[in-house]
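All values below were derived from every heavy atom in this structure, side-chain atoms included, with hydrogens, water molecules and symmetry-related copies excluded. Protein chains get the first letters and strands the later ones, always in sequence-line order, with residue 1 at the start of each.
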Amino acid sequence: MPKDRKVAKKWTADEYIDDLFQKKDAGKLPMPNPPFFLGMEVFYLPIGQDVLRDIDMKRYERLVSRGAVLQRRYDPTTATHIVSENGAKVTATRLGINSVLDIPEHIRTVNGAFLGHLVSCYGSGTHVRTLPNGRKDYENAHWPGREDFDDPKLAAFTERIKKIEEIPVAPPPQVRRRHGERRLSSPQPPARSDTEDEDEDPRFKRNPTKSRQLPTPSQSSDIISRSSSPGLPPTSSPTPYDDEKADSDPLAEFYSKAREEAELGLNDESEFVDYTNHGHKRGVRTITHTPPSVWSVDNPRPTASCLNQDIIDELERLHLIHSSRPFEEDAWRAFSYKKCIRNIKNHPIRIKNGNEARQIYGVGEKTASKINEFLTTGKISRITHELSKGDVAAVKLFTGIYGVGSHTAYNWYTLGLRTLEDVRRGKGGVKLSPCQETGLKFYDDINLRMPRAEAEEIFLMIKPIALAIDPKLSVDIMGSFRRGKADCGDIDILITRPIHDGKTHAGVMARLWAGLHKARILTEDLALPSNMEDSLECTYRGLCSLPVPDSRRRRIDILMLPWQYRGAALLYYTGDDIFNRAMRFKAGKMGYSLNQRGLYAGVVRNPNKRTEKTNQGNIVASETEEEIFKILGVPWQEPWQRVRGA
DNA sequence: GGGCTGTACTG
DNA sequence: CAGTACA
DNA sequence: GCCC
């Protein structure tokens with residue numbers, strides 16, 4: 001926010017955007033919550049043609065600080081919004097199109113007042129938002145909705161309003177407030193009779209009935225007490241770090257905190273400490289969280305690339321090598337390398353030698369010495385050696401086929417197969433399962449990520465089909481979409497249904513499956529639920545595509561669960577995977593067990609085979625994500641903060 | 001020297 | 001049951 | 001492969 005008006009520096013749009021992202025990367029841009037522009041990719045057309053005006057700069061900053069990705073050049077394939085006050089003609093000219101009516105329908109066009117409106121309606125974090133017409137919206141609190149776009153005062157071009165009304169409303173950016181109801185998707189509720197079921201609408205609200213005292217995993221007291229950790233180990237209780245002891249040795253403090261952090265990786269990074277300027281004795285400063293994945297995608301500048309990127313690259317190779325081998329030792333080595341990579345990525349200073357590397361949690365003797373070798377000789381002989389064998393490349397190629405894992409891939413390699421063509425021809429007598437056939441056929445598509453907008457578009461076709469089966473269904477899009485990522489590897493849909501009217505969603509999966517195939521949205525099945533017909537709980541995996549020519553196949557998973565498990569299901573299905581493992585790990589350490597149905601206390605495990613449970617335990621939390629976080633002593637984290645991997 | 005998440009579907 | 005996949 |  002270069003606000004030095006006195007100096008009156010003249011910025012061009014590109015310069016200013018550069019500057020903003022530089023500041024953001026350096027953690028110097030205030031990032032107020034909530035980031036309700038998260039997931040939006042915006043082309044903002046400045047009022048000032050060559051030199052930005054103050055208002056332009058303010059709007060740029062507003063967009064970036066609330067999570068938007070900015071386009072330097074208008075790109076209709078990825079843009080979600082255009083902000084312009086230049087009038088239809090001028091805008092069209094400057095976008096390089098004939099008419100604003102040529103803007104793809106899904107792109108919202110709004111004027112500059114829109115931004116201020118959103119900030120005033122949603123910026124302070126109130127639950128209840130004020131609609132443009134002055135009324136309060138209690139029901140669909142939190143996120144910009146249809147009315148925000150349809151208000152003629154906020155729309156950029158009245159020409160497009162009609163068009164906008166015709167298209168389904170977009171789900172808001174998938175970010176939640178800390179408190180209050182947690183409605184997942186569209187701010188526009190499905191048509192429903194509002195005479196009944198007052199209690200069901202906030203489908204993911206806090207547990208309304210159950211008593212909330214914290215259950216203890218009492219039945220497993222033997223397990224708990226034998227380890228020195230009590231039910232809630234104080235050491236891992238992830239309260240925000242107190243910042244006062246920043247005096248003596250910031251570096252030492254960094255290590256201890258990094259260690260703590262790395263241990264479970266459950267703490268929100270916003271409470272982590274920014275040491276980037278520790279060398280200037282600036283003391284400790286907390287930074288606000290920036291959702292990294294969103295930035296990484298269309299940020300022209302590679303996001304705050306890591307100081308140790310070269311080392312990471314080598315470790316990635318080691319990880320790849322070990323994950324290519326179908327032996328358990330290798331799997332765990334790969335696991336270790338991954339952890340190592342994560343922690344080094346978060347390491348704020350350049351690693352100069354093996355000893356320094358060794359200080360990082362997760363980096364042991366062996367890795368440290370490899371890093372040392374790399375820093376002194378410029379390469380790691382082990383890597384050169386292993387990669388020369390060629391199995392790694394082949395396995396990586398083959399495991400790109402859905403349904404082919406390291407075992408199969410490695411066997412194929414042993415049989416002499418090297419290319420996908422070899423696989424296709426059935427060289428060495430290899431037979432493909434139906435699922436692998438599909439995986440091979442759509443190899444490229446399946447291994448591509450899709451733009452967030454496409455995931456949304458597909459979801460918005462599926463949702464009404466589901467609601468036509470039963471309007472009371474709760475249908476939400478999860479996974480990386482819910483975490484706010486700008487691109488998604490697949491589409492994850494969670495379906496459940498309130499039980500207050502005594503009815504259930506039994507059989508919905510079968511009908512939905514049929515309906516989606518009929519609508520030509522589902523194209524191939526990969527794994528069908530064992531019991532689509534009547535179970536309340538089942539998983540579908542398959543491929544889908546937009547029912548238009550030349551659209552790519554996309555991976556889709558549909559998960560159905562009983563209503564009472566919705567909190568745990570949200571948690572599970574939102575991920576990311578590393579975050580889930582960390583949560584489950586901590587749950588385990590505390591004597592609980594966590595799965596997609598709930599948090600269980602008093603689980604008794606077979607002492608010989610720990611994964612095997614002698615006693616299933618009692619469910620102590622499952623209806624809301626919050627209660628699970630709370631019981632596990634993990635500070636609440638919004639979906640987009642739950643990123644531990646990539 | 002044991003643990004490193006916990007589950008569902010395929011064949 | 002092993003293998004693969006999902007977050 | 002790392003950590004306890």
Side-chain angles (χ1 to χ4, degrees), chain A residues 227-229 259 262-264 315 318-319 321-323 326 328-341 343 358 360-370 399 401-411 431-436 439 446 478-483 489-492 494 525-532 535 537-542 555-561 568-589 592-600 603 605 607-613 616 639 642-645:
Chain A
S227 75
S228 57
S229 64
R259 219 180 155 77
E263 200 139 2
L264 290 170
L315 296 177
L318 286 162
H319 172 255
I321 288 166
H322 289 292
S323 51
E328 231 173 313
E329 322 90 77
D330 288 287
W332 288 121
R333 284 178 193 132
F335 177 88
S336 277
Y337 281 123
K338 233 196 301 181
K339 194 168 172 185
C340 213
I341 289 165
N343 294 338
R358 181 69 183 81
I360 298 167
Y361 186 81
V363 181
E365 286 300 332
K366 302 221 186 150
T367 306
S369 92
K370 287 191 180 78
T399 51
I401 302 172
Y402 186 94
V404 176
S406 63
H407 286 79
T408 311
Y410 199 84
N411 286 340
K431 276 280 182 201
L432 297 184
S433 70
C435 162
Q436 292 164 341
I446 291 176
M478 313 289 298
S480 47
F481 190 98
R482 186 173 180 230
R483 294 198 306 274
D490 66 358
I491 298 168
D492 305 298
L494 176 65
D525 303 321
L526 293 169
L528 293 173
S530 41
N531 42 11
M532 272 207 277
S535 175
E537 184 173 345
C538 51
T539 317
Y540 169 86
R541 299 187 200 293
R555 280 277 299 106
I556 182 168
D557 294 340
I558 304 174
L559 185 79
M560 266 187 21
L561 273 161
L570 275 173
L571 184 61
Y572 161 69
Y573 225 27
T574 299
D576 65 14
D577 53 348
I578 307 293
F579 182 83
N580 283 350
R581 290 175 75 158
M583 288 286 271
R584 290 170 180 209
F585 182 83
K586 182 166 188 186
K589 289 278 177 244
Y592 296 103
S593 172
L594 175 64
N595 62 26
Q596 64 268 49
R597 290 188 275 277
L599 184 65
Y600 293 78
V603 177
R605 293 182 154 93
N608 303 320
K609 216 173 159 256
R610 242 193 58 82
T611 47
E612 189 184 302
K613 293 187 189 103
Q616 233 240 294
R642 305 178 196 169
V643 180
R644 296 299 178 278

For [X] and [Y], indicate whether the former's side chain and the latter's backbone hold a donor-acceptor pair under 3.5 Å.
{"X": "A/Ser369", "Y": "A/Lys366", "value": "yes"}
{"X": "A/Thr367", "Y": "A/Val363", "value": "no"}
{"X": "A/Arg555", "Y": "A/Gly542", "value": "yes"}

query: Is A/Ser336 near enough to D/dC3 that one of its side-chain N or O atoms lies under 4.0 angstrom from OP1 or OP2?
result: no
task: Check whether any side-chain nitrogen or oxygen of A/His407 sits under 4.0 Å from OP1 or OP2 of C/dA2, and answer yes or no.
output: no
Starting the side chain at C-beta, find the nucleotide from [options] nearest to [X].
{"X": "A/Phe335", "options": "C/dT4, B/dC4, C/dA5", "answer": "B/dC4"}
{"X": "A/Gln596", "options": "B/dG11, B/dT7, C/dC6", "answer": "B/dT7"}
{"X": "A/Pro529", "options": "C/dA7, B/dC9, C/dT4", "answer": "B/dC9"}
{"X": "A/Ser406", "options": "D/dG1, C/dT4, C/dA7", "answer": "C/dT4"}
{"X": "A/Asp490", "options": "B/dT10, B/dG6, C/dA7", "answer": "C/dA7"}
{"X": "A/Thr408", "options": "B/dG11, C/dC6, C/dT4", "answer": "C/dT4"}
{"X": "A/Arg358", "options": "D/dC3, B/dC9, B/dT5", "answer": "D/dC3"}

Contact class for [X] (heavy atom, under 4.0 Å): base, sugar-phosphate, or nothing?
{"X": "A/Leu594", "value": "sugar-phosphate"}
{"X": "A/Asp557", "value": "sugar-phosphate"}
{"X": "A/Pro326", "value": "nothing"}
{"X": "A/Asn595", "value": "sugar-phosphate"}
{"X": "A/Leu315", "value": "nothing"}
{"X": "A/Asp330", "value": "nothing"}
{"X": "A/Leu571", "value": "nothing"}

Using atom [atom1] of [X] as one end and atom [atom2] of [N] as the other, report the distance to the nearest whole Å.
{"X": "A/Glu328", "N": "C/dA2", "atom1": "CD", "atom2": "P", "answer": "10 Å"}
{"X": "A/Tyr572", "N": "C/dA5", "atom1": "OH", "atom2": "P", "answer": "14 Å"}
{"X": "A/Arg584", "N": "B/dT7", "atom1": "CZ", "atom2": "C1'", "answer": "7 Å"}
{"X": "A/Lys586", "N": "D/dC4", "atom1": "NZ", "atom2": "P", "answer": "16 Å"}
{"X": "A/Arg581", "N": "C/dC6", "atom1": "CZ", "atom2": "C1'", "answer": "12 Å"}
{"X": "A/Leu599", "N": "B/dG6", "atom1": "CG", "atom2": "C1'", "answer": "13 Å"}
{"X": "A/Leu494", "N": "C/dC6", "atom1": "CG", "atom2": "P", "answer": "17 Å"}
{"X": "A/Lys339", "N": "D/dC3", "atom1": "NZ", "atom2": "C1'", "answer": "7 Å"}

query: If you find the nucleotide of DNA chain B closest to A/Glu537 and the one closest to A/Pro434, which residue's nucleotide is nearer the 5' end?
result: A/Glu537
query: Want to settle it: does A/Ser530 or A/Trp332 sit nearer the 5' end of DNA chain B, counting the closest nucleotide to each?
result: A/Trp332
field: Interatomic distance, A/Arg333 atom CZ to A/Ile321 atom CD1 [nearest 0.5 angstrom]
entry: 11.5 Å
- prompt: A/Phe585 on top of B/dC4's base, within under 5.5 Å and under 30°?
  reply: no
- request: Give a yes or no on whether A/Glu329 atom CD has more than 12 heavy-atom contacts from other residues, nucleotides or ligands under 6.0 Å away.
  value: yes
query: Less than 4.5 Å apart, any side-chain heavy atom of A/Arg482 and any of A/Asp492?
result: no
message: Quick one, A/Tyr573 and A/Asp557 - any side-chain contact, counting heavy atoms below 4.5 Å?
response: yes
query: Could one point to a donor on the side chain of A/Tyr361 or the base of D/dC2 with an acceptor on the other under 3.5 Å away?
result: no
query: Rounding to the closest angstrom, what is the interatomic distance between B/dT5 and D/dC3 at atom P?
result: 15 Å
